Amino acid sequence: MSTFDPIQSFANLRHEFGEHGGVNMSVEASTTFTVINPTTMPEIFQGNLGPDVGGCYLYGRHFNPTVYVLGRQIAAYEGAHAGYCTASGLSAIAATVMQLCDTGDHVVASRTVYGGTFALLHDYLPAKTAVTTSFVDVSDLAAVERAFTPRTRVLYCESVSNPTLRVADIPKLADIAHRHGAMLVVDNTFTPLIIAPIQHGADVVVHSLTKFMNGASDHIAGAVCGTTEFVMRLMDLHMGSLMLLGPTMDPQVAFDISLRLPHLGLRMAEHSRRASYIASRLDELGLPVIYPGLATHPDHGLLARLVHPDFGHGGILALDLGTRERAFEFMGLLQNEHQFGLMAVSLGFSETLMSCSAASTSSEMSEQDLEEAGIRPGLVRMSIGYTGALEQRWMQLRSVLEKMGPVR
Ligand SMILES: *Cc1c(COP(=O)(O)O)cnc(C)c1O
């Protein structure tokens, strides 16, 4: 069990008032910033002055004050020294990997990662940058160890994998990475507040804020958390991936997301409570449900050592319907006849979202890669929402299961 308290860490931040004393911060909707003294400008360009040194800002693709506040808030939840936000989760991931790897360097990555991350590491980076990746089952620590080469700079995984919901043993993976002089980068999109990877030894945490963090499914956004030195490197005028590739978050978006962060803890606890209830009911019926909070899940014990006790075991579960056809029928009935949830990719919304992973978010993977990653054709991933009465939701789900007959 983790003793780090993300809620207290967030509360310890200085409150950001609006320009006129408003209870919410102001949106700094400016692309450029003036200086009073002309000698200030070269100092900012040389990195001697900045947001934390003199409160100096330069240009909107560099740091923006509103986005900077959001970055600090995300970093507080992760227990990181610093953080900054990006236009998407994938740009946070790409900028991080490209910052840590030079041409010809090597990545060891979990073979069950988000489809876009898989394509970035498997197809795009080798072709564009000669950065290559070995994909391994990160639950097999010996296989992780064997995959390292003298050029390995990054060990990459998701705290809880998508969609197979295996839990990464972050302390052990951090040990392996550090022994080889590499950095452990963890995508914590599925488990904000539940797991704080940096507290368990990870060097960098990346997020798709698009999901639970923002929670309203209205913005695409991302974040990187790590040391202050790393965040400054990302924004370096000559070699910074954020500065030079330019995945800039709009300050208005940063403001919107900042409004939803104070109730992240309430939302995560309720997503988890409901997912746990539904997973337990499915398990009692003997159905092939995957949920890391179930005692039967292979990583249940590991997860118990990593989580903060207040936020449960996550809002995502997966149910294997056997075939793609049955998965489609199941989701169609749930959405169109019972209003249980919505057939849509993504997660962390107020409503339940359902998708068949092999036919959607993991379709970047070949059939063999899918099989090796344990992503079965009929696996339906559900991000459990918090609207409606829980017992009523369970009745809707049970009706569809009864209508469809035995799963196997
Ligand atoms: C959605 C997602 C991403 C990509 O994030 P975007 O905001 O869509 O760019 C990366 N990792 C995980 C685990 C995700 O669920």
Side-chain angles (χ1 to χ4, degrees), residues 1-13 70-85 89 92-93 96 110 113 138 154-162 165-178 183-209 211-215 221-231 257-258 260-272 275 292-293 299-316 347-348:
M1 209 186 293
S2 177
T3 53
F4 167 68
D5 185 349
I7 299 297
Q8 191 55 46
S9 171
F10 187 88
N12 289 344
L13 288 172
L70 183 69
R72 278 210 301 273
Q73 292 176 337
I74 308 279
Y77 271 153
E78 289 294 343
H81 284 296
Y84 202 65
C85 299
I93 294 164
T96 297
S110 164
V113 287
V138 289
V154 171
L155 173 55
Y156 185 96
C157 67
E158 295 173 357
S159 49
V160 173
S161 70
N162 176 22
L165 308 181
R166 291 303 303 263
V167 180
D169 192 336
I170 297 167
K172 292 218 174 89
L173 292 171
D175 272 355
I176 295 175
H178 297 159
M183 303 267 256
L184 176 62
V185 177
V186 179
D187 179 336
N188 199 28
T189 301
F190 273 37
T191 47
L193 304 188
I194 297 172
I195 299 177
I198 288 178
Q199 298 298 314
H200 296 291
D203 300 287
V204 179
V205 162
V206 288
H207 267 287
S208 170
L209 303 181
K211 316 294 168 55
F212 287 108
M213 279 276 195
N214 181 49
V224 183
C225 297
T227 61
T228 306
E229 187 267 339
F230 183 63
V231 171
I257 296 174
S258 78
R260 292 135 189 194
L261 286 188
H263 48 68
L264 179 63
L266 301 175
R267 289 188 278 118
M268 291 315 296
E270 187 61 8
H271 281 298
S272 289
D299 300 325
H300 180 74
L302 168 62
L303 186 65
R305 291 199 296 281
L306 298 178
V307 297
H308 187 286
D310 290 354
F311 307 106
H313 298 96
I316 315 273
L347 42 117

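Side-chain atoms are counted along with the backbone in the values below, which use heavy atoms only and exclude waters and symmetry mates. Computed from a predicted model, the values in this text were never measured in an experiment. Residue numbers count from 1 along this sequence.
Looking at heavy atoms from C-beta onward, F190 lies out of side-chain contact with I195 at the 4.5 angstrom threshold. Two residues are said to be in side-chain contact when any heavy atoms from C-beta on lie closer than 4.5 Å; V205 and H207 meet this criterion. Between R166 and V160 the shortest side-chain heavy-atom distance does not fall below 4.5 Å. At a threshold of 4.5 Å between non-hydrogen side-chain atoms, the residues S159 and V167 do not count as touching. Residues L184 and V186 have side chains in contact (heavy-atom distance under 4.5 Å, counting atoms from C-beta outward). L173 has its side chain within reach of C157: a pair of non-hydrogen atoms, C-beta onward, lies under 4.5 Å apart. Between F311 and P192, every side-chain heavy-atom pair lies at or beyond the 4.5 Å cut-off. Side-chain contact between S161 and V113 is absent, with no heavy atoms from C-beta onward closer than 4.5 Å.
The CD1 atom of I7 sits 10.5 Å away from atom CE of M268, with the distance rounded to the nearest 0.5 Å. In this structure, CG on L193 lies 11.0 Å from CZ on F212, to the nearest 0.5 angstrom. Atom-to-atom distance recorded for L302:CG and D169:CG is 4.5 Å, nearest 0.5 angstrom. Taking CG of L155 as the reference point, atom CG of D203 lies at 9.5 Å (rounded to 0.5 Å). The structure places CG of D310 at 11.0 Å from CD1 of I194, a figure rounded to the nearest 0.5 Å. Rounded to the nearest 0.5 Å, atoms SG (C225) and CZ (R72) are 13.0 Å apart.
Nearest heavy atoms, S272 versus G314: OG-N, 2.9 Å. The two residues T189 and S208 make their nearest non-hydrogen contact at OG1-N, 2.9 Å. The two residues I316 and P292 have their closest heavy-atom pair at O-CD, 4.4 Å. In this structure, P197 and N188 approach most closely via the heavy-atom pair CD-ND2, 3.4 Å. The minimum heavy-atom distance linking G83 with A75 is given by the pair N-CB, 3.8 Å. A76 approaches L13 most closely through the heavy-atom pair CB-CD1, 3.8 Å.
Using a distance-only test at 3.5 Å, with no hydrogens or angles considered, no donor-acceptor pair links the side chain of R260 to the main chain of M213. Proximity of a side-chain donor or acceptor of Q199 to a complementary backbone N or O of G79 within less than 3.5 Å is detected. Of the possible polar contacts, none joining the D187 side chain to the E158 backbone as a donor-acceptor pair under 3.5 Å is found. For the pair Y77 (side chain) and L261 (backbone), a donor-acceptor distance under 3.5 Å is present. Listed for the H200 side chain is a donor-acceptor partner under 3.5 Å among the backbone atoms of L306.
Aromatic rings from H308 and F4 are positioned such that their centres are separated by 6.0 Å or more.
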- Message: Would L70 and Y84 count as a side-chain contact (heavy atoms from CB on, under 4.5 Å) here? Give the steps.
- Response: CA-CA 7 Å; L70 183 69; Y84 202 65; over 6 Å; no
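Below 30°, between 30° and 60°, or above 60°: for H300 and H313 the angle between ring planes is between 30° and 60°, a tilted geometry.
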